[in-house]
Amino acid sequence: MNYNYLRYFSVLAQVEHYTLAAARLGISQPSLSSAINHLETELGGIKLFEKVGRNIRLTEEGRYFQEKVDSALKELNTASMTLRESKVSAPVVIRMGVVSGTLRGTVAREIATYISQNERIRFQLTESSAEDLMDLVRREKLDMAIVDTTDRDRTLHFRKLGQRNFSVALPVGHPLSTASEIAPQALAKEPQVVFNYDLESSFGQWASGISPEEQVVCTVNTAQAALDLVAAKVGICVLSNDCISPRPEVCYVPVSNWHQALYMCILYDKWLEPPVWGFVELLVKTIRKLEK
């Protein structure tokens with residue numbers, strides 16, 4: 001139902017005079033008459049006004065409708081004023097996804113700084129695999145995500161942030177724990193605990209001739225869970241250096257020549273509120289600057 005028609009009806013119902021109502025509304029009398037006719041047609045042909053000499057007055061149905069319309073218009077006006085007033089003070093929620101380990105260091109510091117500089121900012125963080133995060137961005141459940149792989153889907157836009165290095169987490173006392181660094185091929189026959197990034201297929205490239213299914217004994221969603229399993233001697237785990245945390249049952253050895261790029265993923269051509277877009281730009285510039 002046309003909002004202006006309801007507003008015209010409300011004013012006409014108050015003055016019960018077409019010329020006065022049209023002048024108050026700043027429209028022509030024919031335009032007002034046309035609007036009321038359209039409104040009555042939408043209501044199934046119910047007459048809202050009746051003629052009394054040269055004047056008009058509300059019908060019984062019109063009086064009932066006036067009460068409901070005035071109440072609805074009052075609520076709409078109140079809601080509009082609330083929205084206008086809250087535009088500059090309401091919280092802005094930044095929905096952000098991250099792959100495991102990303103929150104350590106720079107990203108966490110930038111989130112803390114951004115919140116301290118703007119009391120309106122709130123963060124809703126989701127930690128998951130790159131594939132899940134990209135799907136959430138695609139479905140507009142997230143505004144952005146930091147991922148460690150890209151996708152050919154042209155609805156997504158990727159901006160490279162930098163790269164991270166990797167180490168292998170080993171149970172204390174493991175034969176490889178005394179090495180200064182380990183080549184990926186040396187891990188091929190070790191039972192693997194993997195998380196987030198797709199080591200199942202990648203190991204086929206780094207360790208030729210070994211089936212990934214023979215290496216992976218457990219998959220998890222977070223580095224914390226992976227390290228718990230390494231400590232329990234379920235297997236070893238290759239993880240980014242960002243995920244390393246001191247544990248008495250676990251030791252870490254760098255993996256040689258193994259790097260992985262990080263990307264900022266957003267939905268292509270999606271409009272983001274200025275505070276949200278501002279954080280995207282800040283994070284990209286900060287991380288790229290550190291990489292130089």
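If you read the sequence from its start, that first residue is 1, and numbering goes on from there. Everything quoted here is computed from the prediction, not taken from an experiment.
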- Task: Could you tell me whether the side chain of Met264 reaches within less than 4.5 Å of the side chain of Ile146, counting heavy atoms only?
- Result: yes
Contacts satisfying ring-ring contact (aromatic ring centres under 6.0 Å, His included) that involve residues 219-241 (not counting sequence neighbours) are none
Rounded to the nearest 0.5 Å, the CE atom of Met144 sits from the CZ atom of Arg95 at a distance of 9.5 Å
Could you give me the CA-CA distance, side-chain angles and deciding distance for Phe158 and Val147, then say whether side chain to side chain contact (heavy atoms under 4.5 Å, CB included) is met? CA-CA 9 Å; Phe158 298 90; Val147 296; 4.0 Å; yes
Quiz item: Is any side-chain heavy atom of Val284 less than 4.5 Å from a side-chain heavy atom of Leu161?
Solution: yes
Residues pairing under salt bridge (Lys or Arg N to Asp or Glu O under 4.0 Å) where one sits in residues 244-257, two or more places apart or in two chains, turn out to be Asp228-Arg247
Quick one: does any side-chain atom of Tyr263 pair with a main-chain N or O of His157 as donor and acceptor, under 3.5 Å?
no
Check your understanding: Step by step, would you call Arg7 with Asn4 a side chain to side chain contact (heavy atoms under 4.5 Å, CB included)?
Key -> CA-CA 5 Å; Arg7 188 165 59 87; Asn4 282 329; 3.3 Å; yes
In short, Ile244 meets Ser167 closest at the heavy-atom pair CD1-OG, 3.9 Å
If you look only at distance, which donor and acceptor atoms sit under 3.5 Å apart when one is on a side chain in residues 13-22 and the other is two or more places apart or in another chain?
from: Glu16; atom 1: OE2; to: Leu58; atom 2: N; distance (Å): 3.0
from: His17; atom 1: ND1; to: Thr19; atom 2: N; distance (Å): 3.3
from: His17; atom 1: ND1; to: Leu20; atom 2: N; distance (Å): 3.4
from: Thr19; atom 1: OG1; to: Gln29; atom 2: OE1; distance (Å): 3.0

Residues Ile236 and Pro171: closest non-hydrogen pair is CG2-CD, 4.4 Å
dist Gln224:CD -> Leu239:CG (nearest 0.5 Å) comes out at 11.0 Å
Flag if over 12 foreign heavy atoms under 6.0 Å of OH, Tyr268: no
Hits for side chain to side chain donor-acceptor pair (under 3.5 Å) against Asn55, two or more places apart or cross-chain, chain-then-number order -> none
Rounding to 0.5 Å, atoms CG (Leu76) and OG (Ser71) come to a distance of 9.5 Å
Test Glu127 against Val99 for side chain to side chain contact (heavy atoms under 4.5 Å, CB included), laying out the working first. CA-CA 6 Å; Glu127 184 177 18; Val99 292; over 6 Å; no
* Asked: Is any side-chain heavy atom of Val230 less than 4.5 Å from a side-chain heavy atom of Tyr252?
  -> no
>> Parallel, tilted or perpendicular, judged at 30° and 60°: which one describes the rings of Phe65 and Phe9?
In response: tilted
To the nearest 0.5 Å, atom CG of Leu229 lies from atom SG of Cys218 at 5.0 Å
For Gly162 and Ile287, the nearest pair of non-hydrogen atoms, with its separation, is N-CG2, 4.5 Å
Contacts of Ala179 meeting side-chain contact (heavy atoms from CB on, under 4.5 Å) (sequence neighbours excluded), chain-then-number -> Ile182, Val253
Between Val255 and Val168 the two heavy atoms that sit nearest each other are CG2-N, 3.7 Å
- Message: As a quick check of understanding, evaluate side chain to side chain contact (heavy atoms under 4.5 Å, CB included) for Ser34 and Tyr5, giving each step before the final call.
- Response: CA-CA 9 Å; Ser34 175; Tyr5 291 174; 5.7 Å; no
Under 3.5 Å donor-acceptor pairs involving side-chain atoms of residues 132-140, not counting sequence neighbours:
from: Asp132; atom 1: OD2; to: Ser128; atom 2: OG; distance (Å): 3.2
from: Asp132; atom 1: OD2; to: Ser129; atom 2: OG; distance (Å): 3.3
from: Asp135; atom 1: OD2; to: Arg139; atom 2: NE; distance (Å): 3.0
from: Arg138; atom 1: NE; to: Asp153; atom 2: OD2; distance (Å): 2.5
from: Glu140; atom 1: OE1; to: Lys270; atom 2: NZ; distance (Å): 3.2

Residue set satisfying side chain to side chain donor-acceptor pair (under 3.5 Å) with Ser31, at least two apart, ordered chain then number -> Ser28
Tyr64 meets the side-chain contact (heavy atoms from CB on, under 4.5 Å) criterion, sequence neighbours left out, with Lys68
Any non-hydrogen side-chain atom of Arg109 less than 4.5 Å from a side-chain atom of Thr106? yes
Contacts under 3.5 angstrom, residues 40-52 side chains, donor-acceptor by atom type, not counting sequence neighbours:
from: Glu40; atom 1: OE2; to: Leu48; atom 2: N; distance (Å): 2.9
from: Thr41; atom 1: OG1; to: Asn37; atom 2: O; distance (Å): 2.9
from: Glu50; atom 1: OE2; to: Arg57; atom 2: NE; distance (Å): 2.9

**Prompt:** Hey, quick one: are Leu267 and Leu125 part of the same hydrophobic cluster, counting side-chain heavy atoms closer than 4.5 Å, chains of contacts allowed?
**Reply:** yes
For Ala183, the side-chain contact (heavy atoms from CB on, under 4.5 Å) test, sequence neighbours excluded, returns Gln185, Ser256
Over 60° means perpendicular and under 30° means parallel, so classify the ring planes of Phe279 and Tyr114, tilted if in between.
tilted
Has the side chain of Asp143 got a donor or acceptor atom that lies under 3.5 Å from a matching backbone atom of Met96?
no
Query raised in the report: Do Ile121 and Pro275 come close enough that some side-chain heavy atom pair is under 4.5 Å?
Result: yes
(message) I'd like to check Glu131 versus Thr149 (side-chain heavy atoms, cut-off strictly below 4.5 Å). Are they in contact?
(response) yes
Hits for side chain to side chain donor-acceptor pair (under 3.5 Å) against Arg159, two or more places apart or cross-chain, chain-then-number order -> Glu281
Distance col, row Leu6:CG vs Met1:CE, nearest 0.5 angstrom, shows 6.0 Å
Taken to the nearest 0.5 Å, the spacing of Leu39 CG from Leu12 CG works out to 10.5 Å
side-chain contact (heavy atoms from CB on, under 4.5 Å) filter on Asn77, not counting sequence neighbours, yields Tyr3
Heavy-atom closest pair (Phe166 atom, His259 atom, distance to 0.1 Å) is CE1-C, 4.2 Å
All heavy atoms of Cys251 vs all of Val172, minimum pair found to be N-CG2, 4.3 Å
Would Leu283 and Val93 show up in the same hydrophobic cluster when neighbours are defined by side-chain heavy atoms closer than 4.5 Å? no
